[in-house]
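Below is one structure, written out as structure tokens; comments come after it.
Start at 1 and go down the list; that is how both ligands and their atoms are numbered. In what follows, residues are counted from 1 in the order of the sequence shown.
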Amino acid sequence: MLTENFVREMKKTIEEVRPLSSSGNVADYIPALKKSDPSIVACSIFTKDGACHRFGDVGTTFTIQSVSKVLTLALAIEDHGKEYVFERVGMEPTGDPYYSMARLELTDQSKPLNPMINAGALTITSMIKGNTKEEKFERILHFIRELADDEDITYNKDVAQSEYDTTDKNRALAYYLKANNILEGDIDEVIDIYTKQCSIEMSCCHLARIGQVLGNRGYSTLHERELVSPRIAQLVKTFMVTCGMYNSSGQLAIEAGIPSKSGVSGAILGTLPGGIGIGIYSPALDEKGNSVVGIELLKRISQNYDLSIF
Ligand SMILES: NC(=O)CC[C@H](N)C(=O)O
């Protein structure tokens, strides 16, 4: 694919999918997210030639929410190795909503089924190494800044505080996991780090750069070095396919075939072999918590440029 035609076609595609945003709703269970403008559509694609193309409402920034789960998973495996991590968190898709607790009582030793649901992600966050909660969060932030190639990335304090004050379901999950010896440490600390990691703020171009690194087997063409080991990049991308889009993951794998991870802000990170990275933001969500416009864009980008990995 490329350049003038590609840019023209993408601009057209963005305008074609934009009206779909009126069929979704912005997340409101985190009060600060209610303020998002549902009509926004932004998309960036990092292409093999090293350029980050921007389309739609460029310049918009947003919090990454559950997209962070992929990145903390990579860091936790770097910190502890695969065996330790997957002794505590499973590898199977659930088909349940991301906040669901139902299966914790039904599975062996209450082990969360995978790291992309909140129970699994909270457990992963509790594993991040550091002497204090500040140090642990700084390590997450530093890792994400490197992946996105921007030292200025930080977290949105209002969104973090808003979620910290209202996240009773995540607290309940964390206490339950602690009671069953899955999650270790202080719950307030885990919730503090988790709500901050979800509130890390960036643009679509940053997401696309992260997608480039994962798609390039962990190698950053911007830094000209490996930021994630090939094995860990492969592992997290597989989770993106099987569980990255909540309980729409199967359908999206069939219809787009682009390893992706979404967040309730309306953010989506996509990654493709050879180092193509995709970043999408459009906050109107479907009933499963995925960006309505984002899902349609992924499908069209895949179809238009024959990008399915399958
Ligand atoms: N699906 C999401 O993006 C969820 C992230 C959000 N911070 C939560 O835990 O509820």
* To do: Take Cys43 and Cys204 through the test disulfide (SG to SG under 2.5 Å) and record every step on the way to the result.
  => CA-CA 6 Å; Cys43 174; Cys204 285; over 6 Å; no

* Asked: Looking at Asn170, which atoms of ligand 1 are within less than 4.0 Å of one of its heavy atoms?
  -> 8 (C), 9 (O), 10 (O)

* To do: Output the list of atoms in ligand 1 that are nearer than 4.0 Å to some heavy atom of Gln65, sorted by atom number.
  => 3 (O), 5 (C), 6 (C), 7 (N)

* Do Glu163 and Ser199 meet the criterion of a side-chain donor-acceptor pair at a distance under 3.5 Å? -> no

* Which ligand 1 atoms are under 4.0 Å away from a heavy-atom of Glu163? -> 6 (C), 7 (N), 8 (C), 9 (O), 10 (O)

* **Close-contact set for ligand 1 against Tyr246 heavy atoms, below 4.0 Å** => 1 (N), 2 (C), 3 (O)

* **Flag if over 12 foreign heavy atoms under 6.0 Å of OH, Tyr99** => no

* For ligand 1, which atoms have a heavy atom of Gly263 less than 4.0 angstrom away? -> 3 (O)

* **Minimum-distance protein heavy atom relative to atom 9 (O) of ligand 1** => Tyr194 OH, 2.6 Å

* To do: Give the contacting part of Lys169 toward ligand 1: side chain, backbone, both or neither, where contact means a heavy-atom distance below 4.0 Å.
  => neither

* Below 4.0 angstrom from a heavy atom of Cys198, which ligand 1 atoms are there? Numbered from 1 as shown, please. => 7 (N)

* If every non-hydrogen atom of Met240 is compared with every non-hydrogen atom of Lys261, which pair is closest and at what distance? -> CE-N, 3.8 Å

* Asked: Between Ile117 and Leu235, is there a shared hydrophobic cluster once you connect ILVMFWY residues whose side-chain heavy atoms come closer than 4.5 Å?
  -> no

* Check: Asn118/Lys69 side-chain N/O donor and acceptor closer than 3.5 Å -> yes

* Asked: At under 4.0 Å between heavy atoms, which part of Asn118 makes contact with ligand 1: side chain, backbone, both or neither?
  -> side chain

* Asked: Is His142 atom NE2 crowded by more than 12 heavy atoms from other residues, nucleotides or ligands, each under 6.0 Å away?
  -> no

* To do: Please say whether Tyr29 places an N or O atom under 3.5 Å from an N or O atom belonging to ligand 1.
  => yes

* Asked: Rounded to the nearest 0.5 Å, what separation is found between the CD1 atom of Ile182 and the CZ atom of Arg88?
  -> 8.0 Å

* Are any of the N/O atoms in Ile30 less than 3.5 Å from those in ligand 1? -> no

* To do: Among all protein heavy atoms, pick out the one at the shortest distance from atom 2 (C) of ligand 1; state its residue, atom name and that distance to 0.1 Å.
  => Ser66 OG, 2.5 Å

